[in-house]
Amino acid sequence: MTGMDSTGAAGFAAPARLDGGAVTRFAPSPTGELHLGNARTALFNYLLARRGGGRFILRIEDTDAQRSQEAHLAVVLEDLRWLGLAWDAGPDREDDRGPYRQSQRGALYARFFEALERRQAVYPCFCTPLELEAARRAQLGSGRPPRYAGTCRSLSEEQRRGKQAQGLAAMTRFRVPAGRRIEFVDLVHGPQSFLSDDIGDFVIRRADGTAAFFFSNAVDDASMGITHVLRGEDHLANTPRQLLILEALGLPVPSYGHVSLILGPDGAPLSKRHGATSVREYRAGGYRPEALRNHLFRLGHSSGEHGLLDLEAMVRAFDPAHLGRASAHFDAQQLKVWQKEAAHHLSPDEARAWLAPVLPAGLSESALSAFVTAILPNVVLPEDARPWVAIVFGPPPALEAGGEEIIRQAGASFFPAAAQAAGQSGNDLQAIAAAAREATGKKGAQLYMPLRLALTGRSHGPELAPLLKAMPPGAAHARLARFA
RNA sequence: GCUCCCUUCGUCUAGAGGCCCAGGACAUAGCCCUCUCAAGGCUGUAACACGGGUUCGAAUCCCGUAGGGAGCGCCA
């Protein structure tokens, strides 16, 4: 661990990594659904670990018992699995570096708390939430930074005993050293420098004895052997606190990289008013994990690779040096583009499973396959398949506006011939079109548009021949005969 | 209020002083292909936030301005 140099600056250089394999982690708190921004940092950490044969660890930051819920954890785990981000160790895959829930790491925290107390790097603070809030307000009101004033910083032993005797519960604050310059090299932002005098003494242990974020997060990274931390930029200005904690404990410091936050199209932080913001919502809407992954992969990151990348290709293409510094705007239209590509890449089996929720029941495997194959090129989301289910399997569809005119222009002999061919050949477009052409001399759009309209009711849609094949026997005849 | 981060086409970005009157992808427009849509092919529109410096030369370096974001919590 680097100490202070002669100028009083502490350099926090990343320890040398000899094996080249990065140990990364994703550390969500189970207080809600997996947000897109978090999903992206999870992806980046996963890719960084997989790149050089490292390890990807899942740690659950559930120190806030009030807000942490088992149900939320289940959802987060499910969403990560859905995204394909498999972890090497986590709450469901414990090993000797665990446990991987912070709520179960109290014993380890206690040891580090003691160490800090022995070094007098921390002190008990008896200020009440009310007092602290009042002080904050006063500071903000008079245009000063809202920092802890240090009320309990230099209480005597006697005073402390007195407070305890009054039954006041103490939280623990870290004693931030004065006059220090804290420096580190951020993986994405480069050299950073902060003054310790700008940092107030912060809480590392709550009055109820549980560890606070700055502490548990830093201590766990160190004790779990994390070498690289890719996290949201909202943590950038707080990194010096964690550096101070690790220094006081003599623990190894990971390399930190702070990725930009994801913004909405209007530049404001992505929130509900922009629409869906969680993995779960996109998943429920029928989005494909590959699509979301590819969109997230490009947000704030660039690689030379174009097109839909699978996870392995992403691992190869990912480069932390190409993480952008500017915040990225989440564009639903771009996600749709990836979704379209992902959908169209689906194998017949995958497509059938994907569309299962909107497919009619009671059909044979081959009938479903024919249908899915026919409509897939025209489907982006499962919703898009719904109308075609009705058109193909339902009663003969009504003509769209303007359709009658096109039917009329086909001529009197068109549909009798087409219907008869359909009756003889089944749902065979070739035979039907040939008969109509022979009867009327029509070709091209003149020939096919009346057929498309009569058969599907619409002028736009999937390729006609496969669509016809997907229809129940006799459907073509019944639909054409309506106009004969 | 203080500290920190950010600012290149609609979007994601390439760009680390001359290779850039700024390149790519997607989106978008037009054309071709075509029974429609999609796919595919071709062509096009479109950006260095602003102002000062430094330099023979700046998207790139420096200063400032504007705009956006974050942090300063017994939340993570």
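In what follows, every heavy atom counts, from backbone to side chain, and hydrogens, waters and symmetry copies are set aside.
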Could you work out, with side-chain hydrogen bond (donor to acceptor under 3.5 Å, both in side chains) as the rule, every residue matching [X], not counting sequence neighbours?
X	result
A:Gln69	none
A:Arg59	A:Glu61, A:Asp221
A:Arg241	A:Asn238

Does the structure place the NZ or CZ of A:Arg205 under 6.0 Å from the centre of the six-membered ring of A:Phe113, at an angle of no more than 45° from the ring's axis?
yes
A:Arg293 charged N/C atom sitting above A:Trp338 aromatic ring, 6.0 Å / 45°:
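Negative - A:Arg293 is either too far from the ring of A:Trp338 or too far off its axis.
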Enumerate donor-acceptor pairs with a distance under 3.5 Å from any side-chain N or O in residues 439-448 of chain A to protein atoms, sequence neighbours excluded.
from: A:Thr440; atom 1: OG1; to: A:Ala436; atom 2: O; distance (Å): 2.7
from: A:Thr440; atom 1: OG1; to: A:Lys442; atom 2: N; distance (Å): 3.2
from: A:Lys442; atom 1: NZ; to: A:Gln409; atom 2: O; distance (Å): 3.3

Position toward the 5' end of RNA chain B (nearest nucleotide), A:Met449 or A:Pro191
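Taking each residue's closest nucleotide, the earlier one in sequence belongs to A:Pro191.
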Closest-nucleotide 5' rank along RNA chain B - winner of A:Gln192 and A:Leu447:
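Between the two, 5'-proximity favours A:Gln192.
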Pairs where residues 268-280 of chain A contributes a residue and the test salt bridge (charged side-chain N to carboxylate O under 4.0 Å, His left out) is met, not counting sequence neighbours:
A:Glu78-A:Arg280, A:Asp79-A:Arg280, A:Asp266-A:Arg273, A:Lys272-A:Glu281
For [N], the Watson-Crick or wobble partner whose two distances fall under 3.5 Å:
N	result
B:C72	B:G1
B:U34	none
B:A29	B:U43
B:U54	none
B:U65	B:A49
B:G17	none

Within residues 293-304 of chain A, residues whose heavy atoms come under 4.0 Å of RNA chain B
A:Arg298, A:Leu299, A:Gly300, A:His301, A:Ser302
Please list, pair by pair, any protein nitrogen or oxygen found under 3.5 Å from a nitrogen or oxygen in nucleotides 25-28 of chain B.
from: B:A25; atom 1: O4'; to: A:His306; atom 2: NE2; distance (Å): 3.1
from: B:C26; atom 1: O2'; to: A:Gln334; atom 2: OE1; distance (Å): 3.2
from: B:C26; atom 1: O2; to: A:Gln334; atom 2: NE2; distance (Å): 2.9
from: B:A27; atom 1: O3'; to: A:Gln333; atom 2: NE2; distance (Å): 3.4
from: B:A27; atom 1: O2'; to: A:Gln333; atom 2: OE1; distance (Å): 3.3
from: B:A27; atom 1: O2'; to: A:Gln333; atom 2: NE2; distance (Å): 2.7

Taking side chain to side chain contact (heavy atoms under 4.5 Å, CB included) as the definition, give me every residue that meets it alongside A:His345, ordered by chain and number, with sequence neighbours left out.
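Partners of A:His345 under the side chain to side chain contact (heavy atoms under 4.5 Å, CB included) test: A:Leu308, A:Glu341.
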Establish whether the base of B:C35 is bridged to the side chain of A:Arg452 by a donor-acceptor pair shorter than 3.5 Å.
yes
Counting only side-chain heavy atoms from C-beta out, which of B:C6, B:A76, B:G15 sits nearest to A:Phe213?
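The closest nucleotide is B:A76.
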Take atom [atom1] in [N] and the same atom in [M], then report the distance between them in whole Å.
N	M	atom1	value
B:C50	B:A59	C1'	14 Å
B:U60	B:G53	C1'	15 Å
B:A25	B:C9	C1'	12 Å
B:C33	B:C42	P	15 Å
B:G67	B:A49	C1'	8 Å
B:C74	B:C62	C1'	44 Å
B:C72	B:G15	C1'	35 Å
B:A29	B:G10	C1'	13 Å

Hey, does [X] reach any base, or is it just sugar-phosphate, or nothing, if we go heavy atoms under 4.0 Å?
X	result
A:Glu133	nothing
A:Asp331	sugar-phosphate
A:Thr31	nothing

Donor-acceptor contacts under 3.5 Å from residues 122-133 of chain A side chains, at least two apart:
from: A:Tyr123; atom 1: OH; to: A:Asp201; atom 2: OD2; distance (Å): 2.6
from: A:Thr128; atom 1: OG1; to: A:Glu131; atom 2: N; distance (Å): 3.1
from: A:Glu131; atom 1: OE1; to: A:Thr128; atom 2: N; distance (Å): 2.9

Would you say A:Ser459 and A:Glu400 make side-chain contact, with heavy atoms under 4.5 Å?
yes
Short heteroatom pairs, N/O only, protein and nucleotides 66-74 of chain B, under 3.5 Å:
from: B:A70; atom 1: O2'; to: A:Asp234; atom 2: O; distance (Å): 3.4
from: B:G71; atom 1: O3'; to: A:Asn238; atom 2: ND2; distance (Å): 3.2
from: B:G71; atom 1: O2'; to: A:Asn238; atom 2: OD1; distance (Å): 2.9
from: B:C72; atom 1: O2'; to: A:Pro146; atom 2: O; distance (Å): 3.3
from: B:G73; atom 1: OP1; to: A:Arg136; atom 2: NH1; distance (Å): 2.6
from: B:G73; atom 1: OP1; to: A:Pro146; atom 2: O; distance (Å): 2.5
from: B:C74; atom 1: O2; to: A:Ala207; atom 2: N; distance (Å): 2.9
from: B:C74; atom 1: N4; to: A:Cys127; atom 2: O; distance (Å): 3.4

A:Ile262 CD1 to B:C6 P: how many Å, rounded?
18 Å
Set of residues satisfying salt bridge (charged side-chain N to carboxylate O under 4.0 Å, His left out) with respect to A:Arg437, sequence neighbours excluded:
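So A:Arg437 forms no salt bridge (charged side-chain N to carboxylate O under 4.0 Å, His left out) with any residue.
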Could you give the side-chain donor-acceptor pairs of residues 31-41 of chain A under 3.5 Å, partners two or more places apart or in another chain?
from: A:Glu33; atom 1: OE1; to: A:Ser278; atom 2: OG; distance (Å): 2.8
from: A:Arg40; atom 1: NH1; to: A:Leu299; atom 2: O; distance (Å): 2.6
from: A:Arg40; atom 1: NH2; to: A:Ser260; atom 2: O; distance (Å): 2.4
from: A:Thr41; atom 1: OG1; to: A:Asn38; atom 2: O; distance (Å): 2.9

Short side-chain N/O contact to B:C12 OP1/OP2 from A:His329, under 4.0 Å:
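So the side-chain polar atoms of A:His329 do come within 4.0 Å of the phosphate oxygens OP1 or OP2 of B:C12, strictly under.
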In terms of relative ring orientation, are A:Tyr109 and A:Phe215 parallel, tilted or perpendicular, with 30° and 60° separating the classes?
perpendicular
